[in-house]
Amino acid sequence: MNKIKRIKGTQDVLPGEVHNWQKLEAVIHSTMSIFNYREMRTPVFESTELFARGIGRLTDIVSKEMYSFEDRGKKQITLKPEMTAPIIRAYLEHNLKTQAPLQKVYYISSLFRQENPQAGRLRQFNQFGAEAIGADAAELDTELIQLALAVFAKLGIEGLKLEINTVGDTECREPYKIILKEYLRPVLDQYCEDCRKRFDGNPLRILDCKKENCRTLNRNAPKLSDHLCSGCDEHFTKLQDTLRAGGIAWSHNPYLVRGLDYYTRTVFEITSSDLGSQNAICGGGRYDLLAEQLGGPPTAAVGFAAGIERTLMVMGRQGLLSEQPGRLQVFVAPLGDAAAAVATEWVTKLRAMGYRTDRDYLGRSVKAQMREANRQRAQMVFLLGDEELKQKNFSVKEMDNGTQKSVSFSEIGPYLSDFFKHEK
RNA sequence: GUGGGUGUAGCUCAGUUGGUUAGAGCGUCUGGUUGUGGCCCAGAAGGUCGUGGGUUCAAAUCCCAUCACUCACCCCA
């Protein structure tokens, strides 16, 4: 029989590394709490229609990357490829705005996209992110950026770059698209095949094409920043003012465009040079039109999403991952069947007292049990053989200093509380 | 979907111009102590050399195909 292997683009997080995930998650929870964001969880799958309408049918994600299938009831189902659309769906479905006009929520979730894997890109991957729903204030955009940066800062990550841009709103983006298309149409045949495809559905994406030739052609294209409506212009100015007031460094990248259709006004991206070619660790922006596209009332909102695997990758490159999980406090080493029975009772008692305790289950020799205790970095070993049983005590070996002493069964409680008095 | 790279022990890797029973380090197990860890020493277990075919007296080694992994394009977290 050949072994079954994991699906391409998926990852196992093994016991020896999971503590780093837990630490990251703890920082996310605590930072979100400090910024007054509350966690929200949504199903792993949704109706395909949600993403088709929310993200946009012409985007890469929807047109070729989704894990979609028909269930036994002939419903079109998709494993969620991103979190913003499900969050807004739930927000609308439960009328959360009736609870409070501004909802601030966050999530940690697995997402699924059927792309070709490479460094920092998986088919099942994890993101954390936050969404503030119900306000169009630019200060809120700044808060989301601060929040993302705060998580990274608390983790000790350095050297991140923040880029911002504005993509306008319906009032100015649609007219601008027409102006842009008028410029592009006569020279379109000089653009690459991808760009020609983008022309009808998403001409803005032509502006951040990476091909040298397209970039050259783009230099003479009309700029959105010259065609912003007064509302968007003010919003972008306000964003930069508040970022400045918050002491945040950024650069304005006029070609920064997001691949999802729902963005309006603010877009931003945080990148790290400690990643591979997939260098974005966080992306976000404002999406004031999404709620309406999903059948809800006009609702301003802003959010970000950050890659957990990419964050861990950066932490690894910066030496921020720890090797050592917690230590075992007590290892009970019984010798023989009689001792094994008593050991079972004591392991139960020690655990009930709150000490991290384990024992041998393989009937191993003392030497092997000591090796095991050492591997577990146990702080002490309770040896229990015939002599100890007769005397009703343990031979307790303190592993860090190598000393050994007899502690009678009745004194174990006080002995342990004294030994561990400096640990809480 | 398209390109490049790599597939030998659990892990990281050697393996000569094709030549007998395919090696090392780490890890695992056992022993060096009637019942004592780490360091050290000795030993053991563990391999369809990714898979299939071809060339050859002989293939881990050469050729073809295929699969997997990986990096990159694209796009994104």
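The figures that follow rest on heavy atoms only: side chains count, while hydrogens, waters and symmetry mates do not.
Taking only side-chain nitrogens and oxygens, Gln118(A) comes nearer than 4.0 Å to OP1 or OP2 of A72(B). Using a 4.0 Å cut-off, some side-chain N or O of Arg375(A) falls inside it from OP1 or OP2 of U28(B).
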5'-to-3' dot-bracket of RNA chain B (Watson-Crick, G-U; under 3.5 angstrom; crossing pairs as [ ]; | other strand): (((((((..((((.....[...)))).(((((.......))))).....(((((..]....))))))))))))....

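With Phe199(A) as the aromatic partner, Lys181(A) meets the cation-pi criteria of under 6.0 angstrom to the ring centre and within 45 degrees of the ring axis.
The residue Arg205(A) sits close only to the backbone: its heavy atoms come under 4.0 Å of sugar-phosphate atoms, none of a base. At a threshold of 4.0 angstrom between heavy atoms, the contacts of Glu388(A) include nucleobase atoms, whether or not backbone atoms are also involved. Residue Glu387(A) is classed as a base contact, given a heavy-atom separation below 4.0 Å to a base. Residue Gly276(A) is classed as a sugar-phosphate contact, given heavy-atom separations below 4.0 Å to backbone atoms only. Residue contacts shown for Asn126(A) are absent, as no nucleic acid heavy atom lies under 4.0 Å away. Contact annotation for Leu383(A): base contact, defined as any heavy-atom pair under 4.0 Å involving a base atom.
Within 3.5 Å, a donor on the side chain of Gln404(A) pairs with an acceptor on the base of U36(B), or the reverse. For C71(B), the base has no donor-acceptor partner in the side chain of Arg121(A) [N/O atoms by modelled type, under 3.5 angstrom]. Judged by distance alone, with hydrogens and angles left aside, Lys397(A) brings no side-chain donor or acceptor close enough to the base of G35(B) to form a pair under 3.5 Å.
A tilted orientation is assigned to the rings of His227(A) and Tyr176(A), their planes being inclined by 30° to 60°. Aromatic ring pairs are classed by plane angle as parallel below 30°, tilted from 30° to 60° and perpendicular above 60°; the pair Tyr263(A) and Tyr287(A) is perpendicular.
Of the candidates U70(B), G31(B), C74(B), the closest approach to any side-chain atom of Gln278(A) belongs to C74(B).
If you take OH on Tyr415(A) and CE on Met380(A), they are separated by 4.0 Å, rounding to the nearest 0.5 Å.
Side-chain N/O atoms of Gln76(A) and Glu70(A) include a donor and acceptor closer than 3.5 Å. For Thr242(A) and Glu139(A), the side-chain atoms include no donor-acceptor pair closer than 3.5 Å.
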